[in-house]
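Below, read A as the first sequence line, B as the second, and so on, with proteins coming before strands; counting in each chain starts at 1.
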2 protein chains.
Amino acid sequence: MFIEHGYEKVSMRDIAKDLGCSHGALYYHFKNKAALFSEVLAFYFDELNLLIDLTMKQEKNDKLQELLLGFLRFGLNYPYQYELMFLLKSEEVDSLMQQPAAASYEKFAAAVKKASGKDLQNDMIYSIFLALHGFVSLHLHRVPNFEGAAKAAAVHVDFLRKTI
Amino acid sequence: MFIEHGYEKVSMRDIAKDLGCSHGALYYHFKNKAALFSEVLAFYFDELNLLIDLTMKQEKNDKLQELLLGFLRFGLNYPYQYELMFLLKSEEVDSLMQQPAAASYEKFAAAVKKASGKDLQNDMIYSIFLALHGFVSLHLHRVPNFEGAAKAAAVHVDFLRKTI
DNA sequence: TACTAAAACTGACCACTGGTCAAAGAGGTG
DNA sequence: CACCTCTTTGACCAGTGGTCAGTTTTAGTA
């Protein structure tokens, strides 16, 4: 439900109705709405980490491009998840999200360094990440999925590749 | 109030209490909360446009750097405004915000082109904008103001300058 | 001055939200 | 049976954005 309609639009009562229980019962299992949602999101951090691993494992000559494009694809194909993984700042959710987000970033940064074949500066990798994040956060929800911005994504990644 | 506490935190009743009227009265003047807020934001689009104009008018050798840094400074010093100018996607607000946002972008893009002294491709300018947007949207609300990320901002702008 | 029409405002009301909690139910063990 | 823990319920709270019939204020006219 969160994935289809977003965090704000889904109420605890909606979830309870779908489960066939009262909304009060949810508060026995989860401290609050944010805690419930963050457990849903944990799955998607794993998914992103897995995606990075898979990209690095496959036999391709241009892993770097695949890495950058893969990030954009992930962001736009899981818009609500991405929004809460890297964008939302509501105090409640953010405190639960910062640690896994940082871990995923570290994994991404290490992969980029390795895939580039060069000894890239950390600052540079961070700038590249910011540029990718900018792309996703601007196209988020304005485009139905990655396909809707695939061409622009390729152009952006191309721009970034040239800087490396 | 919006600027200090953010869109979600300020209720129509809060505003009405501050004005010394009933919250119903607000709905006589504004279709809804989003419409009220978007009128507040119009001021900040003007502010950003003015900032671009001023940067281009001043006698400096490195207008380009000033332009890019200025955008980051604006974003981090007016975090709630920036959030709703370029980040928020609630259907209500977004439809009111897209046009002025696009206009401000066009102004920015033209200024970057002129300041660079080269005939930059539009795609490239857009990528640069996305990279700046990524910086702001990631640091937003995690840092009290521009000063809190000034060093990282300088590094990021430096990275972008090198690509031009 | 008295009247009128428009503009502005009020506050009760609606359906909804996240969250709390005493009470009630289940299920298992001795 | 009693006893105990785990789980669930649903009434309740304070708050939200939004609506609207009814009232007041304002300003212009006869």
Side-chain angles (χ1 to χ4, degrees), chain A residues 1-44 79-101 140-142, chain B residues 1-44 79-101 140-142:
Chain A
M1 297 169 81
F2 280 136
I3 289 157
E4 254 177 82
H5 307 107
Y7 182 68
E8 309 279 348
K9 283 270 173 73
V10 177
S11 73
M12 294 299 263
R13 282 166 178 81
D14 291 336
I15 297 167
K17 194 184 287 176
D18 195 67
L19 290 172
C21 68
S22 71
H23 75 282
L26 297 177
Y27 287 91
Y28 178 78
H29 297 278
F30 301 93
K31 187 173 159 274
N32 54 32
K33 189 183 177 185
L36 192 166
F37 188 71
S38 80
E39 293 216 12
V40 176
L41 278 198
F43 172 80
Y44 288 93
Y80 285 115
Q81 293 89 317
Y82 187 91
E83 189 171 2
L84 282 119
M85 288 165 78
F86 294 104
L87 223 43
L88 202 78
K89 269 103 178 181
S90 104
E91 296 120 45
E92 343 150 286
V93 181
D94 198 39
S95 62
L96 296 162
M97 229 74 285
Q98 283 212 16
Q99 189 262 318
L140 213 66
H141 301 311
R142 304 208 212 276
Chain B
M1 296 170 82
F2 280 137
I3 290 157
E4 252 177 85
H5 306 107
Y7 182 69
E8 309 279 347
K9 284 269 172 73
V10 177
S11 73
M12 293 299 263
R13 283 167 179 79
D14 290 337
I15 297 167
K17 193 184 287 175
D18 194 66
L19 290 172
C21 69
S22 71
H23 74 284
L26 297 177
Y27 287 90
Y28 177 80
H29 296 280
F30 302 93
K31 187 172 159 276
N32 52 33
K33 189 183 178 183
L36 192 165
F37 188 70
S38 80
E39 294 217 11
V40 176
L41 279 198
F43 171 80
Y44 288 93
Y80 285 115
Q81 293 90 317
Y82 187 92
E83 189 170 3
L84 282 120
M85 289 165 77
F86 295 104
L87 224 43
L88 203 77
K89 268 103 178 180
S90 104
E91 295 118 48
E92 343 148 287
V93 181
D94 198 39
S95 63
L96 297 162
M97 230 74 284
Q98 283 211 14
Q99 190 262 318
L140 212 65
H141 299 311
R142 305 209 210 276

Integer-rounded Å distance: C/dT17 P and B/Met12 CE: 20 Å
Relative to the ring of B/Tyr82, is the ring of B/Phe86 parallel (under 30°), tilted (30 to 60°) or perpendicular (over 60°)? tilted
Roughly how many Å is it from CG in B/Asp14 to C1' in D/dA14, rounded to a whole number? 13 Å
Looking only at side-chain N and O atoms, does A/Tyr28 come under 4.0 Å of OP1 or OP2 in D/dT7? yes
Return the 5'-most residue of the pair B/Gly24, A/Val10 with respect to DNA chain C, ranking by each residue's nearest nucleotide. B/Gly24
Side-chain N or O of A/Ser11 closer than 4.0 Å to phosphate OP1/OP2 of C/dT17: yes
Nearest-angstrom distance from the residue atom CG of A/Leu26 to P of D/dT9: 9 Å
Return no unless some side-chain N or O of B/Tyr27 is found under 4.0 Å from OP1 or OP2 of D/dT19. no
Spacing of B/Phe30 atom CZ relative to C/dC9 atom P, expressed in whole Å: 11 Å
Are B/Lys9 and B/Phe2 in a cation-pi setup, meaning NZ or CZ lies under 6.0 angstrom from the ring centre and within 45 degrees of the ring axis? no
Can you tell me how far P of D/dT19 sits from CG of B/Asn32, to the nearest Å? 8 Å
What integer distance in Å separates B/Phe2:CZ from D/dG17:C1'? 12 Å
Choosing from D/dT8, D/dT16, C/dC9, which nucleotide comes nearest the side chain of B/Ala25? C/dC9
B/Tyr7 atom OH is separated from D/dT16 atom P, nearest whole Å, by 14 Å
Side chain to side chain contact (heavy atoms under 4.5 Å, CB included) between A/Asn32 and A/Met12: does it pass, once the steps are laid out? CA-CA 9 Å; A/Asn32 54 32; A/Met12 294 299 263; over 6 Å; no
Phosphate oxygens OP1/OP2 of C/dT20: is one of them under 4.0 Å from a side-chain N or O of A/His23? no
Taking the six-membered ring for Trp, are the ring centroids of B/Tyr80 and B/His5 within less than 6.0 Å of each other? no
Considering only side-chain heavy atoms of A/His29, which listed nucleotide, D/dT7, C/dG19, C/dT10, is closest? D/dT7
To the nearest Å, how far apart are B/Ile15 CD1 and D/dG17 P? 8 Å
Is any side-chain N or O of B/Arg13 under 3.5 Å from a base N or O of D/dG17, one able to act as donor and the other as acceptor? yes
Under the side chain to side chain contact (heavy atoms under 4.5 Å, CB included) criterion, do B/Glu83 and B/His141 qualify, and how do the steps go? CA-CA 10 Å; B/Glu83 189 170 3; B/His141 299 311; 2.6 Å; yes
